[in-house]
Amino acid sequence: MDGKYVWCGRDRWLVLQNVVDCCTSEWLGYWFDKRYRKHEVVQLVEKVALARWPQTGRAPGTRMRMDNLRAYASDHVVDTAERLGFQVEFIKNHTPEDNGMVESFHSSLDRDYLNQVEFESRAEAEAYLAWAFHDHNEVKPKERLGWRTPREFHKLVTENANKNES
């Protein structure tokens, strides 16, 4: 989990917080707003847990690595994430390479999506982000995933894991 700024024309800079699955490259969720406070981070963590594990809304044993932003490190965020089953870990100060997967995701998000357009407003950016979220996860295959989309790869990984448990 990490955030980046997006220029939205007359609405100025907004923060795009993202959660990315390091195994499948899926963009699991995002929050797009003028600020990133602990309440928004909690809502994003809850949204991701429910979307990924719809039966329980819990992520037992799943590590969630976060940047050291004040909102991420708040007791409220950490307590919520742990209550949902996440094992929370933080990168070391001044070492974005410790969160390389999401940093790489942000680079590809810029290259493939955000640098292709200039938004005039928040509403325009929100509509584009919804499209990019779908495109990244369900349309655009990735070489590192055997030319599968992130959602296809997640399905394959999940099916194989479930076969091995039987």
Side-chain angles (χ1 to χ4, degrees), residues 1-52 57 59 62-84 86-142 144-145 149-151 154:
M1 173 183 258
D2 197 7
K4 69 179 281 64
Y5 288 96
V6 177
W7 179 253
C8 296
R10 68 177 169 264
D11 294 318
R12 307 171 74 66
W13 291 103
L14 277 82
V15 180
L16 175 61
Q17 296 179 73
N18 298 295
V19 179
V20 180
D21 184 314
C22 292
C23 173
T24 66
S25 299
E26 282 177 282
W27 185 4
L28 296 178
Y30 64 92
W31 189 271
F32 191 54
D33 205 349
K34 288 192 179 238
R35 53 188 104 29
Y36 49 96
R37 297 173 300 192
K38 61 186 174 186
H39 302 291
E40 287 85 6
V41 176
V42 163
Q43 288 179 14
L44 176 56
V45 170
E46 290 173 338
K47 175 180 158 185
V48 165
L50 193 56
R52 180 56 119 195
T62 303
R63 283 187 293 158
M64 179 172 275
R65 179 173 289 183
M66 299 184 202
D67 201 333
N68 286 300
L69 297 172
R70 191 172 37 201
Y72 295 161
S74 78
D75 289 343
H76 185 47
V77 170
V78 173
D79 291 347
T80 299
E82 289 177 347
R83 178 180 51 77
L84 294 172
F86 288 106
Q87 296 172 358
V88 178
E89 53 185 55
F90 294 94
I91 67 170
K92 295 176 192 154
N93 286 330
H94 310 294
T95 58
E97 61 273 11
D98 282 356
N99 215 1
M101 187 67 186
V102 76
E103 297 296 342
S104 176
F105 169 76
H106 283 161
S107 292
S108 65
L109 188 64
D110 284 340
R111 181 192 65 237
D112 298 341
Y113 300 102
L114 298 176
N115 291 345
Q116 306 300 317
V117 295
E118 195 168 307
F119 302 119
E120 293 182 18
S121 67
R122 176 185 181 151
E124 185 178 302
E126 286 175 335
Y128 187 81
L129 286 168
W131 169 82
F133 183 80
H134 170 79
D135 189 69
H136 172 85
N137 286 321
E138 300 187 31
V139 176
K140 191 172 185 178
K142 313 278 184 257
R144 84 172 197 89
L145 304 177
T149 68
R151 291 274 161 81
H154 174 259

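Numbers for residues simply follow the sequence, beginning at 1.
Between the CG atom of Leu44 and the CZ atom of Phe32 there is a distance of 13.5 Å, given to the nearest 0.5 Å. Note that the CG atom of Leu114 and the OG atom of Ser107 stand 11.0 Å from one another [nearest 0.5 Å]. Separating the CE atom in Met101 from the SG atom in Cys23 is a distance of 9.0 Å, to the nearest 0.5 Å. Note that OG of Ser121 is 10.0 Å distant from CG of Leu14, once rounded to the nearest 0.5 Å. Atom CZ of Arg37 and atom NE2 of His76 lie 11.5 Å apart (nearest 0.5 Å). Between the CD atom of Glu118 and the CD atom of Glu124 there is a distance of 9.5 Å, given to the nearest 0.5 Å.
The shortest distance between side-chain heavy atoms of Val139 and Thr149 does not fall below 4.5 Å. Inter-residue side-chain proximity for Phe119 and Tyr128 is flagged as met; some heavy-atom pair is nearer than 4.5 Å. Between Met64 and Val45, the closest side-chain pair of non-hydrogen atoms falls below 4.5 Å. In this structure, the side chains of Arg122 and Asp33 come closer than 4.5 Å at one or more pairs of heavy atoms. Contact of the Val77 side chain with the Met66 side chain is registered, since non-hydrogen atoms from C-beta on lie closer than 4.5 Å. For the pair Leu129 and Tyr30, the minimum side-chain heavy-atom distance is below 4.5 Å. Gln87 has its side chain out of reach of Thr62: every pair of non-hydrogen atoms, C-beta onward, lies at least 4.5 Å apart. Between Leu16 and Leu109, some side-chain heavy-atom pair lies under the 4.5 Å cut-off.
The 12-atom threshold is not exceeded at CD of Glu120, counting heavy atoms of other residues, nucleotides or ligands nearer than 6.0 Å. Within a 6.0 Å radius of CZ in Arg144, more than 12 heavy atoms belonging to other residues, nucleotides or ligands are found.
With Asn68 contributing its side chain and Ile91 its backbone, the two residues share a donor-acceptor pair below 3.5 Å. Asn137 places a side-chain N or O within donor-acceptor distance of the main-chain N or O of Phe133, the cut-off being under 3.5 Å. A donor-acceptor pair under 3.5 Å is formed between the side chain of Gln116 and the backbone N or O of Arg111. With Lys47 contributing its side chain and Val42 its backbone, the two residues share no donor-acceptor pair below 3.5 Å.
The pair Asp110-Lys4 meets the salt-bridge criterion, with a side-chain N (NZ, NE, NH1 or NH2) lying under 4.0 Å from an Asp/Glu carboxylate O. Using a 4.0 Å cut-off between a side-chain N of Lys or Arg and a carboxylate O of Asp or Glu, Asp2 and Arg65 do not qualify as a salt bridge. In this structure, Asp21 pairs ionically with Arg52, as a charged nitrogen and a carboxylate oxygen lie closer than 4.0 Å. Glu46 has a carboxylate O that lies under 4.0 Å from a charged side-chain N of Arg83, or vice versa, which qualifies the two as a salt bridge. Between Glu89 and Arg63 a salt bridge is recorded (basic side-chain N to carboxylate O distance below 4.0 Å).
Within the 6.0 Å centre-distance limit, the rings of Trp27 and Phe105 are counted as a close aromatic pair. Separation of the Phe90 and Tyr72 ring centroids does not fall under the 6.0 Å cut-off.
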### Met1/Val102 under side chain to side chain contact (heavy atoms under 4.5 Å, CB included): CA gap, chis, key distance, verdict
CA-CA 7 Å; Met1 173 183 258; Val102 76; over 6 Å; no
### Task
Determine, step by step, whether Thr80 and Phe86 satisfy the side chain to side chain contact (heavy atoms under 4.5 Å, CB included) criterion, reporting the C-alpha distance in whole Å, the side-chain angles of both residues, the deciding distance to 0.1 Å, and the verdict.
CA-CA 9 Å; Thr80 299; Phe86 288 106; over 6 Å; no
### Task
Any chance you could lay out the side chain to side chain contact (heavy atoms under 4.5 Å, CB included) test for Glu138 and Glu26, step after step, and finish with the verdict?
CA-CA 9 Å; Glu138 300 187 31; Glu26 282 177 282; over 6 Å; no
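Heavy-atom minimum distance, Ser25 versus Leu145: CB-CD1, 4.2 Å. Shown here for Lys38 and Ala71, the closest heavy-atom pair between the two residues is N-CB, 3.8 Å.
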